[in-house]
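Each chain gets a letter, A, B and so on, in the order its sequence line appears, and its residues count up from 1. No hydrogens, no waters, no symmetry mates; every other heavy atom, side chains included, goes into these values.
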Number of protein chains: 2
Amino acid sequence: MTTTEAAAQSLSIGEVAERTGMSVHALRFYERERLLVGPVQRTSGGRRRYTSFDVDWLLICVKLRASGMPLADLKHFAELVRHGPGNEAERLRLLDAHRQRVDAQIQALEECRSVIAWKVGVYAEHLARGKARGLWDPTT
Amino acid sequence: MTTTEAAAQSLSIGEVAERTGMSVHALRFYERERLLVGPVQRTSGGRRRYTSFDVDWLLICVKLRASGMPLADLKHFAELVRHGPGNEAERLRLLDAHRQRVDAQIQALEECRSVIAWKVGVYAEHLARGKARGLWDPTT
DNA sequence: CTACGATCTAGAGTGAGGTCTAGATCAAGT
DNA sequence: ACTTGATCTAGACCTCACTCTAGATCGTAG
């Protein structure tokens with residue numbers, strides 16, 4: 001076996017990049033910016049070793065980022081978790097506020113979608129009816 | 001009456017900013033970047049006068065941007081419309097590709113939403129059951 | 001005529017979120 | 001020992017989409 005044996009317990013930065021879809025650059029950047037709950041462990045040689053907790057946290061980060069949470073909020077959330085139990089109410093507020101923003105975003109996107117779909121329909125119909133007929137309103 | 005009389009036909013940049021939700025800076029920027037279909041008309045004094053076509057186009061731009069279309073694609077779309085009839089098939093392709101991206105984005109957001117909602121539930125339950133109990137998995 | 005706000009231009013600056021580079025070090029295979 | 005590829009650090013650099021600045025001009029109200 002290769003590194004896969006020890007990997008059950010800890011992963012290299014490259015392996016974590018693969019599993020999370022982040023780049024190794026981004027992983028180092030996140031650590032520098034204190035976006036992780038704890039500092040990442042190191043081998044005697046100075047290489048990072050990520051635990052499955054780290055990976056789980058990163059997977060959550062990926063979801064939060066994908067849904068538009070700014071890094072500042074992510075950092076705040078990481079700080080809360082870092083300070084341990086006792087601030088769950090604030091974590092809840094943070095996440096719930098974000099959930100509401102995501103809901104709003106989905107709504108907005110669905111509205112955009114229908115506008116776009118309508119325009120797609122206009123073009124499709126235009127093409128179906130045969131090409132180029134005189135006055136073609138560029139805004140429709 | 002103020003400017004509202006002539007405004008039925010053409011609007012100042014400030015009025016357009018109000019109606020589209022864009023800033024006057026952004027409006028000038030869009031023009032410089034050739035994101036509008038035509039050049040904006042000017043008064044003898046050099047002030048911009050926007051037609052209702054311009055405004056309609058800008059409202060479409062706003063929707064496309066809000067749904068994540070990059071300015072480069074918007075520019076391409078503007079070019080196609082600028083070159084008049086004959087390229088409707090390409091316009092259709094462009095818009096339809098974007099619609100598909102929007103669909104994917106909505107799907108992704110809904111997935112994020114459910115992950116977040118689940119975590120919100122975890123915190124809510126934790127709080128409901130009374131505070132701080134020993135081993136609290138920071139990743140859940 | 002004077003003020004004053006809105007607009008003009010060219011170009012510099014901003015903030016978010018990474019991404020890349022250089023030069024060194026580590027670890028594994030042969 | 002040598003080669004190769006992954007990783008290390010600090011810090012420069014990048015793209016995107018605006019946003020702002022300075023200094024001039026326009027246009028309207030008083």
Given atom [atom1] of [X] and atom [atom2] of [N], what is their separation to the nearest angstrom?
{"X": "B:L27", "N": "D:dC20", "atom1": "CG", "atom2": "C1'", "value": "15 Å"}
{"X": "B:R47", "N": "D:dC26", "atom1": "CZ", "atom2": "P", "value": "7 Å"}
{"X": "A:E15", "N": "D:dT7", "atom1": "CD", "atom2": "P", "value": "8 Å"}
{"X": "B:E33", "N": "D:dC18", "atom1": "CD", "atom2": "P", "value": "10 Å"}
{"X": "A:I13", "N": "C:dC26", "atom1": "CD1", "atom2": "P", "value": "17 Å"}
{"X": "A:R49", "N": "C:dC26", "atom1": "CZ", "atom2": "P", "value": "15 Å"}

Under 3.5 Å donor-acceptor, B:Q100 side chain and B:A97 backbone: no
Does B:V122 offer a backbone N or O that forms a donor-acceptor pair with the side chain of B:H126 under 3.5 Å? no
Derivation of the side-chain contact (heavy atoms from CB on, under 4.5 Å) call for A:F53 and A:V37: CA-CA 9 Å; A:F53 287 109; A:V37 173; over 6 Å; no
Which pairs pass salt bridge (charged side-chain N to carboxylate O under 4.0 Å, His left out) with one or both residues in residues 24-35 of chain A, sequence neighbours excluded? A:E31-A:R42, A:E31-A:R48
Can you tell me which stems involve DNA chain C, if a stem is defined as three or more consecutive Watson-Crick or G-U wobble pairs, both distances under 3.5 Å? C:1-30 with D:1-30
Can you list the residues that meet the salt bridge (charged side-chain N to carboxylate O under 4.0 Å, His left out) rule with B:E111, with sequence neighbours excluded? A:K63
Residues in salt bridge (charged side-chain N to carboxylate O under 4.0 Å, His left out) with B:R113, at least two apart? A:D103
Short side-chain N/O contact to [N] OP1/OP2 from [X], under 4.0 Å:
{"X": "B:T43", "N": "D:dG27", "answer": "yes"}
{"X": "A:S12", "N": "D:dT7", "answer": "yes"}
{"X": "A:R48", "N": "D:dT7", "answer": "no"}
{"X": "A:R28", "N": "D:dG11", "answer": "no"}

Set out, line by line, the N/O atom pairs under 3.5 Å between protein and nucleotides 16-18 of chain C.
from	atom 1	to	atom 2	distance (Å)
C:dG17	OP1	A:R65	NH1	3.4
C:dG17	OP2	A:L71	N	3.2
C:dG18	OP2	A:Y30	OH	3.0
C:dG18	OP2	A:R65	NE	2.9
C:dG18	OP2	A:R65	NH2	3.4

What are the two closest non-hydrogen atoms of B:R91 and B:L80, and how far apart are they? NH2-O, 3.6 Å
Is there a path of hydrophobic side-chain contacts, each under 4.5 Å between heavy atoms, that joins A:Y123 and A:V115? no
Can you tabulate the close N/O pairs, meaning under 3.5 Å, that link protein atoms to atoms of nucleotides 1-3 of chain D?
none

When rounded to the nearest 0.5 Å, the distance separating CD1 of A:I60 from CG of A:L74 is 10.0 Å
Separation of A:S114 OG from A:L109 CG (nearest 0.5 Å): 11.0 Å
Do A:R42 side-chain and D:dT7 base share a donor-acceptor contact under 3.5 Å? no
For B:Q107, is the CD atom crowded, meaning more than 12 foreign heavy atoms sit under 6.0 Å from it? no
